[in-house]
Each structure stands twice: as C-alpha cells, then as structure tokens.
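Right, one structure below, let's go through it.
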Amino acid sequence: MLSVSDLHVSVGAAEILKGLTLSVPAGEVHAIMGPNGAGKSTLSYALTGREGYEATQGAVTLEGRDLLAMTPEERAAAGLFLSFQYPLEIPGVPTMTFLKAALNAQAKARGEPELGATEILKRVRARAGELRISAEMLKRPLNVGFSGGEKKRMEILQMMVLEPRFAILDETDSGLDIDALRIVADGVNALRAPDRAMLVITHYQRLLDYIRPDKVHVLVSGRIVDTGGPELALRLEKEGYDKYLAAA
Amino acid sequence: MSSATVLPTRRVEAWKYSDLSAALSNVVLPTVREGVDIIEGLSGGAKSMTVPPGAQATEIDRYGDAALDARAFSADVGQGAMLTRIVIQARSGGVPLSTVRVRLAAGATYRQFVLAEGARLARIETHVSVEGEGATVELNGVYMVGRGLHADLTSTIHHACAGGVTRQLVKGVARAGGRGVFQGRILVAPYAQKTDARQNHHALLLEDGAEVFAKPELEIHADDVQCAHGNTVGGLDAEALFYIRQRGVPESEARALLVEAFLGEAISDGLPEDLQREILDRIRAWLGATS
Amino acid sequence: MAREGIDLSTVDAVRALEAGKYTAGFTTDIEQEFAPKGLSEDTVRFISAKKDEPQWMLDWRLEAFRRWQTMEEPSWAMVRYPPIDYQDATYYAAPKNAAKYKSLDEVDPEILETYKKLGIPLREQETLLGVAGAPRIAVDAVFDSVSVLTTFKKELAQAGVIFCSISEAVREHPDLVKKYLGSVVPTTDNFFATLNSAVFSDGSFVYVPQGVRCPMELSTYFRMNAQGSGQFERTLIIVDKGGHVSYLEGCTAPMREENQLHAAVVELVALEDAEIKYSTVQNWWPGDVDGKGGVYNFVTKRGDCRGARSRISWTQVETGSAITWKYPSCILRGDDSSGEFYSIAITNGRQQADTGSKMIHLGRNTKSRIISKGISAGRAQNTYRGLVSIHGKAANARNFTQCDSLLIGDKCGAHTIPYVEARNVSAKLEHEATTTKLSEDQLFYMRQRGIPEEEAVALLVNGFVREVLQQLPMEFAVEAQKLVAVSLEGSVG
C-alpha cells in the first residue's frame with residue numbers, strides 16, 4: 001500500500017530524513033517510535049506534501065501512485081490523511097462547513113458524486129456521537145477554543161468521516177488524558193480494515209496498549225534503524241534509545 | 001512655506017492636537033525655520049551621540065520651567081549595543097520640546113521612558129529607525145496632566161529591517177482642564193519581515209473636562225509580521241474602586257492606589273533603580289497633590 | 001442551515017467564473033445625451049434645467065459651486081493618484097427620453113437587459129436573486145445621471161413610504177427636501193461633498209413616516225455606463241419617529257481605460273426611536289492589474305441620529321474602485337442613540353482604499369461599534385482610518401472598535417489609523433487592531449483534507465470576514481460572499 005524507499009528530506013539547509021525506507025501493506029497498522037528530533041514529524045509532513053519539506057532523493061508511492069509529484073490536496077484525494085500533532089484553529093469556518101468542503105472536494109477529485117448536505121450531516125453526527133463530540137462543538141468554528149483533547153478527537157472525527165485509505169496519526173496521544181485516549185483509540189480501531197493501513201507516530205508506548213500495531217519501527221537520525229513486533233515498543237519503553245543513538 | 005517663520009499649527013496632521021504656534025504666541029523667538037527643524041534650529045539645544053557596538057549607555061533628559069526649552073538629540077546605537085534614555089518633564093508653565101532621532105544597528109536596543117507632567121505645551125517626540133536585523137525598541141511613557149497643562153507623546157518607529165521587535169506601552173491620566181496626547185506610528189517597510197510590534201496606549205480621564213486624544217497608527221508593508229495595537233480611554237473602574245473602599249480604604253486613597261497601579265505598568269523593570277524610584281515618587285506626589 | 005450553504009455557494013461561484021474576471025465590465029449601447037464637457041456655472045445650470053428644478057434648488061447648487069471653487073482637494077488620505085482635471089469630464093449623461101419612463105414597458109430594453117445581466121431584475125414579480133419565497137425588494141435603478149425606474153412604488157405608497165428619485169422628490173416633496181437636504185452633510189462640508197452639492201445628478205429619496213416599518217427592503221442600483229462621465233449621486237433618507245427601514249445599494253461600472261470619478265453624498269436622518277440600516281455592496285470597476293482605469297470613489301456618507309434612542313447601522317462590502325475614500329459616519333446626537341459600522345474592504349491588484357468610520361458622540365448614553373476587516377493582496381494599499389469622538393456632554397458613551405487586517409502576499413500594505421478624542425470622564429472607549437498574513441499552516445491543514453488552494457483561501461477569507469457578512473441582509477450576503485472570493489482570485493499561488 002504505502003511504500004517509501006530511500007527518502008531524503010531537507011528542511012531549509014538541513015537534511016532531516018537521510019534515506020528512510022518503509023513499507024506498510026494494506027490492512028496493517030505500523031508504529032514509528034523515536035527520540036525527539038529523529039524526524040518523525042518531518043516524515044508526516046513530507047508524506048503529505050507540506051511546503052518547505054523538500055524530498056531531495058527517493059520515492060514514495062501509495063497504491064503504486066507517485067505521491068511526491070502531487071499537491072497536498074491531490075494526496076488527500078488519493079486517500080492520505082494526517083491527524084496533526086497540533087491541529088489548527090480555523091476561525092470563522094464552522095466545522096460542518098469545513099467537512100462538507102473537504103468531502104465534496106475529494107469526491108470531485110476522484111470523479112465520485114458529491115454528497116448532499118443531509119447525508120453529510122447524518123454521517124458526521126453518527127461519528128461524533130461515538131467520539132462524544134457534541135452538536136454544539138460541531139457548530140463552532142473548527143477547533144477554535146477547543147481543549148487539546150477536543151482537538152484530537154476532532155481530528156479522529158475528520159478521519160472517520162473522510163474514510164481515508166492511509167492514515168498517519170502524528171503524536172495523537174499527546175495531551176490526552178486516559179479517558180480521552182480510550183475514546184480516540186476506539187475510534188481508530190473501528191477504522192481498521194483489510195483495505196486500509198495506518199502509521200502511528202508516537203513518543204510513548206502507552207498509545208500502543210490501545211492501538212496494537214502489527215509492526216514497530218525505530219526512527220533515529222532520519223533512518224529506520226530497527227523493526228520488530230509490538231514487543232519492541234515495550235523494550236524501548238524500558239531501555240530508551242541510547243543504544244541506537246550511540247550507534248548513529 | 002519657505003524661509004518664513006512657520007510654526008506647526010493644528011492644521012498640520014502631526015501637530016493636530018498640539019498647537020505650537022498658539023502656545024508660543026507671546027514668546028519672543030529667534031528666527032527659525034519651518035517644521036521640525038525649528039527645534040534643531042535653536043541654539044544650545046542639539047546633542048548627538050554614538051553608542052559603540054556592544055556598549056551600554058544611559059541618557060537622562062530633564063525639563064524644567066524654562067519659557068521655551070527646545071532640544072534635539074540624535075543617537076546611533078551600534079551592533080548589540082543598548083541605549084537607555086529617560087525623559088523627566090517636570091510640570092511647568094513653559095514650552096518644553098524634545099525631538100529625538102535614534103538609529104539602531106543589528107541586535108541593538110533602544111529603551112526609552114518618558115514621564116511627562118505637562119506644561120503650557122509639552123511635546124516629547126521620538127523617532128526610532130530600526131536599520132539592522134533583530135533590533136529591539138521599548139518605548140514606554142507616562143503622562144499625567146491637570147488644569148491648564150498639556151502633554152504630547154508622539155513617536156514613529158520605522159522598522160526598515162527584518163526581525164525587529166517593538167514594545168510600546170504608554171499610559172496617561174488627565175484631570176479637569178488637562179490634555180493628554182498620544183500619537184504613535186509604527187511603520188513596517190517592505191522586506192522588514194518577521195517584525196513583531198505591539199503598541200498600547202491606555203488613558204484614564206479622572207474628572208469631567210479632562211481631554212485625551214490618541215492616534216495609534218500601524219502602517220504595514222510586509223506580510224510576515226505580527227503587529228497589533230490597542231487603545232482604551234475611560235474612567236476609573238467603579239467596581240474596583242468600590243471593592244477597595246468596601247475593605248475600608250478611603251475613596252481618595254483608593255483612587256490613588258488604582259491610578260498608581262495603572263500607571264506603574266508602563267514603568268519597565270530595566271530602568272536604573274534610583275530613577276525608577278524617582279518616577280514612582282513623582283507619580284505619588286502628583287496623586288497626593290491633586291486628589 | 002442557510003448560512004452554511006453560503007460558504008459552499010461561494011466556492012461554487014469561484015469555480016463557475018474564469019479567473020480574475022470582472023463580470024460587470026460590459027457596456028450598454030444606447031443613445032445618450034450629455035452635458036457639454038467641463039465644469040462651470042453653466043454646467044450647474046444645465047443640470048438643474050434638465051431636471052426642471054425650482055429656483056431654490058438652482059441657487060443652492062450655485063452657492064455650493066462658488067464655495068467649491070475656493071476649496072482644496074484633500075491630500076491626507078493614504079492614496080496616490082495623478083491630479084484630476086475637473087474640466088475634462090462630463091457631469092451629466094442620461095439615456096435619451098429617460099425622463100419619460102412611466103412604467104417598465106417604456107424602459108429601453110437595452111437598459112433592462114443591463115440590469116438583468118447584473119442580477120438585478122426590475123420586473124416587480126421577481127425578487128433580487130429570482131429566488132422563490134425570498135423577500136421582495138423595491139429597486140430604484142440609477143443609470144449614469146438619472147433614475148430610470150423605481151419599482152413597487154404603489155405598494156410602498158400604501159404604507160405611506162416615499163421611495164423615489166431625488167429629482168422627483170425635489171419636484172414632488174419640496175418641503176421635505178428643503179428641510180433635510182444638506183442638514184447632515186452641509187454644502188460646505190468637504191471638497192468632494194461640495195462638488196456633489198453643485199452637480200449632483202440623481203439618487204434616491206426615502207421618507208418613512210412616523211411609526212411605519214417599511215414593508216420591504218429598499219435598494220438602489222447605480223450603474224455608470226457613459227464614457228468620460230462622472231457620477232454624482234445624492235441620497236437622502238429620513239425615517240420619522242419610530243420608523244424603520246433597511247436600504248441596500250449596489251454599484252458597478254464598465255471597464256474603461258480612463259478613470260471615472262464618482263463623488264456621492266448620502267445623508268441619513270433618524271428621528272426619535274427610528275432605525276436605519278444601510279448596506280452597500282460596492283463593486284465599481286477597479287481598473288486592470290496594472291492599475292489602468294478604474295473608478296475614483298470619493299464618497300461622503302453620514303447619518304444623524306437626531307432623536308433619542310435612534311439607531312443607524314452602516315454595513316459596507318467594498319471590493320471595487322481603483323481608489324476608495326469613504327468614511328460612513330454617525331452623529332449620535334439623541335440620548336441613548338447608537339451607531340454601528342461594519343466593513344469589509346478588499347483591495348487587490350493596484351487598488352487603494354482609505355476607508356473607515358466616524359462616530360461623533362454628542363448625546364448621553366450613546367453607543368457605537370466599529371468592526372472593520374481589511375484584506376490586501378497584490379500590490380494594493382488598504383487603510384482603515386476612523387474617528388471616535390466623545391464630547392463633554394456625552395456621559396456614559398461607549399465605543400468598541402475592532403480593526404483586523406489580512407495581508408496576502410508581500411507587496412501589499414495594510415494600515416490602521418484610528419483617531420480617538422475623549423472628553424467625558426464616564427465614557428469608555430476600546431480599540432483593538434491586528435495585522436496578520438494568511439496563515440500557511442491553516443492553508444496546508446485545509447489542503448491536507450483535500451480542499452484545493454483557491455477554495456481554501458476563499459474559506460479562510462470568508463471566515464475572516466464572517467462577522468461582517470452576517471450583518472448584511474441575506475440576499476446580499478450571498479452576493480457579497482461571491483464578490484469576496486472573486487475579487488481575490490489570482491492572489492495566491
């Protein structure tokens with residue numbers, strides 16, 4: 001499904017990713033762990049096409065399509081979704097308006113029929129209930145005045161409504177208390193499907209108790225330096241990254 | 001408008017609220033040129049200095065009771081250097097005029113504090129030009145004016161280079177018959193990206209018949225900037241006043257307390273201690289004398 | 001539900017239009033008659049005669065003209081333009097036979113077609129946007145120097161409301177006109193207002209009698225068509241005690257290579273407990289991307305809250321004109337009266353706008369509110385300039401002012417110049433202003449969700465101006481939102 005090979009990414013003059021290779025097949029959930037400054041957020045921005053994150057070498061494909069050649073919105077229409085580490089506040093744009101615009105723009109780009117307002121509303125309300133997002137929150141401008149936890153739940157709501165093929169969850173657990181973490185994890189798990197894959201970027205093992213990954217990768221200094229099963233995460237929690245940092 | 005003696009009047013936009021020509025109508029003047037130059041044209045009133053890179057300097061300007069006291073001051077502040085200037089304009093029946101031009105090199109800091117007690121017409125005019133990257137301007141001031149007194153704090157901060165920071169906080173109080181003026185202009189030139197400028201002016205009218213005129217101005221020609229200004233004018237917070245009185249403090253004291261707290265916010269911590277004390281003493285004296 | 005629909009219809013509107021096209025830029029080919037080029041007492045007499053005006057009106061004009069000759073053009077605004085040759089313009093242009101139109105059937109079909117193309121159908125059974133069930137709107141259509149038609153006059157007359165062209169009011173309601181014309185903006189007020197007083201051609205007149213709520217929205221649609229002509233309209237709205245009116249004006253002009261001068265005066269008078277809501281969607285031709293052509297929009301708009309508890313509210317969406325110089329104001333004379341000003345000013349290309357409001361607090365317990373959203377893109381300059389003045393007798397006066405500027409691109413400018421004059425101890429004034437750029441983070445976030453860049457910009461800008469758009473009557477809000485999006489096309493990417 002997602003294939004990253006020998007990816008080099010520079011931000012300004014600094015090369016952050018230095019030959020990253022990664023493959024996530026359909027139906028699987030992979031976790032990426034690593035110390036601060038390893039390049040975790042750079043990876044999520046490079047995959048989604050943020051300006052200023054320049055791929056200087058390597059290739060990225062999603063279901064065989066070259067992602068690097070696409071604009072951010074084309075990548076989104078191709079099925080790529082990023083749950084932001086720091087979700088943005090968009091003053092003046094109500095959440096429902098935003099979701100409608102995104103859904104219909106993606107449908108249009110894919111040549112699918114656009115959804116009616118009522119249908120969208122139904123879909124959003126059902127999902128919002130699961131995430132304990134109130135109707136009142138949906139009326140407010142997107143994320144404006146929301147707490148950290150509310151913003152993260154709003155990211156998952158968007159993911160559930162947009163139904164991406166490949167989702168990147170960037171530090172989704174940060175800023176969540178244990179109840180919110182469970183709600184978010186339930187939402188993510190509900191989206192696990194044979195034709196969908198996910199990449200969970202996290203600092204701590206905690207989230208992986210709730211979202212059980214098929215594979216865990218260790219990202220250090222811009223490269224994947226180790227890969228294993230869920231047990232690798234537990235080991236990292238105990239031993240830290242010193243071993244890898246020393247080698248790098 | 002040539003070589004004739006032309007003093008700025010209220011018809012001149014930058015002197016809208018300070019009619020110099022009227023204030024000097026019965027003062028005998030030497031021949032002067034028009035516009036701002038009149039100040040520099042007066043004898044004995046001009047001074048300039050250079051603060052070398054990395055150095056620190058402090059300049060104190062005191063204005064007393066002269067019928068006309070017009071001074072011009074200009075300074076070049078070198079890279080990473082810092083100039084602190086304190087102006088104390090004591091209450092007077094004369095016409096004190098101060099015009100300052102400061103140029104800042106990269107990483108330089110200009111910190112100014114003005115205490116203006118008002119005069120027949122007092123005008124403290126400050127022009128700062130940020131000509132090196134990452135320079136810092138702190139332009140604070142307090143004015144307090146009573147009957148027959150006028151204080152005008154006018155400034156232009158020209159960000160001609162990227163990454164500059166401006167923090168400006170001017171606070172004023174006016175009693176019946178007093179007039180406070182704040183005119184502050186922040187100009188961000190094209191290419192002066194990442195400029196971060198905050199300008200605030202807050203004034204209290206303490207009695208009916210007091211006047212405050214304000215014209216805060218942002219002129220922004222670069223897009224990647226953070227610029228904001230705030231301006232409020234009003235009376236003392238009645239609720240706060242009541243709260244303090246409910247605790248047993250007499251009204252006049254409660255008022256003084258609130259006004260002192262209000263004005264005190266503009267006095268920056270970076271000033272020399274003895275001057276800080278003097279400024280506070282002057283504020284207290286003013287509050288004590290007139291309340 | 002409906003409000004949410006607006007955002008998406010904006011997006012549709014953007015899609016439907018070719019990039020950067022001013023859709024109102026066509027010309028109408030009809031027979032017209034003109035005043036001789038140039039400006040003199042004869043020109044003033046010519047205009048007055050064309051309108052069969054009584055002697056007092058001509059005298060009023062001539063006095064203004066003589067005054068104007070002694071005045072200087074103001075230069076304090078942050079706008080730059082070459083000197084205007086006032087002798088090189090035509091001060092009167094009208095469709096031939098226009099004065100004779102008694103009903104829709106007599107109006108030149110070309111003119112009807114023009115308004116239809118602009119989305120302003122003049123057939124009375126139709127509403128502004130042709131939407132079934134939407135409220136009906138009475139329209140006064142002003143084509144160059146004359147009002148060609150006013151709709152729904154009979155129905156309005158039944159309610160006691162007078163809605164007609166100012167020329168007609170001078171003839172039919174001279175007492176009202178004499179009493180109120182120039183009572184808010186005197187003939188001596190300023191260079192452009194004085195010029196207007198001398199040569200004003202047409203405009204609308206509204207009188208709402210005591211206790212009457214005007215049964216429908218009133219609207220004037222100004223169209224500048226003739227080449228080399230200026231438009232000098234004069235609008236006078238009087239709402240008597242306890243009355244209420246909501247009034248809209250729209251403006252467009254053809255694409256012309258030369259600059260066209262538009263110097264209008266609008267006077268509003270609200271007596272005790274009266275309420276006037278005045279909305280403008282100004283889309284005069286802004287000139288091309290290099291700044292060639294476009295309308296000089298030098299306008300004096302002022303409302304007088306003359307009676308106690310009266311209210312005047314200005315809402316403006318300014319997207320057109322090469323230069324805008326305009327400060328809709330309120331004189332809060334009556335105790336407990338209130339004034340509001342909501343503004344969206346968008347400048348793109350080489351446009352320049354110096355606009356804002358004046359709130360003059362004279363009475364006790366008067367309140368005012370100013371919300372201004374300026375957006376600058378391309379090489380444009382956008383200035384908010386406003387005055388809040390609290391006089392000594394205005395006890396308990398309140399003002400809140402919020403000015404936000406948004407910059408799109410690094411070659412434009414956004415400026416905020418508020419003047420504050422406080423003379424009463426119990427007054428409270430607050431002013432806040434921010435200047436920011438369109439956030440790249442927000443743009444990326446929206447694009448990550450699949451929303452294309454232009455659409456993301458339109459959504460963000462609509463979010464930025466929403467507070468003001470909500471002040472517009474529904475029918476105009478949709479139009480205005482489309483305009484906002486269209487006028488920013490090509491500003492990113």
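The chains referred to below are lettered A, B, ... by the order of the sequence lines, with proteins before strands, and numbering in each begins at 1.
- In this structure, the portion of B/Leu206 lying under 4.5 Å from any heavy atom of chain C is its backbone and not its side chain.
- Using a 4.5 Å heavy-atom cut-off against chain B, the contacting residues of residues 410-428 of chain C are C/Asp410, C/Cys412, C/Gly413, C/Ala414, C/His415, C/Thr416, C/Ile417, C/Pro418, C/Tyr419, C/Val420, C/Glu421, C/Ala422, C/Arg423, C/Asn424, C/Val425, C/Ala427, C/Lys428.
- For B/Arg167, the CZ atom is densely surrounded, since the number of other residues' heavy atoms within 6.0 Å is greater than 12.
- Between chain C and the options B/Leu205, B/Leu187, B/Asn200, B/Val188, the largest number of non-hydrogen pairs under 4.5 Å is found for B/Leu205.
- When heavy atoms are compared at a cutoff of 4.5 Å, B/Phe182 does not approach chain C at all.
- Looking only at heavy-atom pairs under 4.5 Å with chain B, the residue among C/Thr434, C/Val388, C/Asp404 that has the most is C/Thr434.
- Contacts with chain C (heavy atom to heavy atom, under 4.5 Å) involve these residues of residues 219-235 of chain B, listed by number: B/Glu219, B/Ile220, B/His221, B/Ala222, B/Asp223, B/Asp224, B/Val225, B/Gln226, B/Cys227, B/Ala228, B/His229, B/Gly230, B/Asn231, B/Thr232, B/Val233, B/Gly234, B/Gly235.
- Neither the backbone nor the side chain of C/Glu440 comes within contact range of chain B, judged by heavy atoms closer than 4.5 Å.
- Environment of CZ in B/Arg147: sparse, with no more than 12 heavy atoms of neighbouring residues, nucleotides or ligands closer than 6.0 Å.
- For the atom pair NE2 of B/His202 and CD of C/Glu430, the computed distance is 9.5 Å after rounding to the nearest 0.5 Å.
- Of the atoms belonging to B/Gln193, it is side-chain heavy atoms, and not backbone ones, that fall under 4.5 Å from chain C.
- Remark: C/Tyr81 OH is packed, more than 12 non-hydrogen atoms of other residues, nucleotides or ligands lying under 6.0 Å away.
- For a residue to count as touching a neighbouring chain, one of its non-hydrogen atoms must lie under 4.5 Å from one of that chain's; by this rule B/Glu211 touches chain C with backbone and side chain alike.
- In terms of heavy-atom pairs under 4.5 Å with chain B, the best-connected choice from C/Ala397, C/Ser376, C/Ala433 is C/Ala433.
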